[in-house]
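Along the sequence shown, residues are numbered consecutively beginning with 1.
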Amino acid sequence: MTSWPDARADEPLDAAGARLEVEFATAAWVTRWNHDRLHTSIGTSPDEHENEHYAALNHSPEPA
């Protein structure tokens, strides 16, 4: 899998190109893990759960 249009799949990558491939793959995995996957026990993604948590902490009660 190559991430830039001028690279060919049958050409070997140099060390910098291989490291770039690993960085892109790692960033894609982290993005999916933190934002796209659903947390099985709560039914929302981790970032949605975190946003709800901080919204609840910052919620000030209405005066009576």
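In this structure, Y54 OH and H49 NE2 are separated by 10.0 Å, a value rounded to the nearest 0.5 Å. The distance from atom CD of E23 to atom CD of E21, rounded to the nearest 0.5 Å, is 10.5 Å. Remark: D47 CG to H53 NE2 distance equals 14.0 Å, nearest 0.5 Å.
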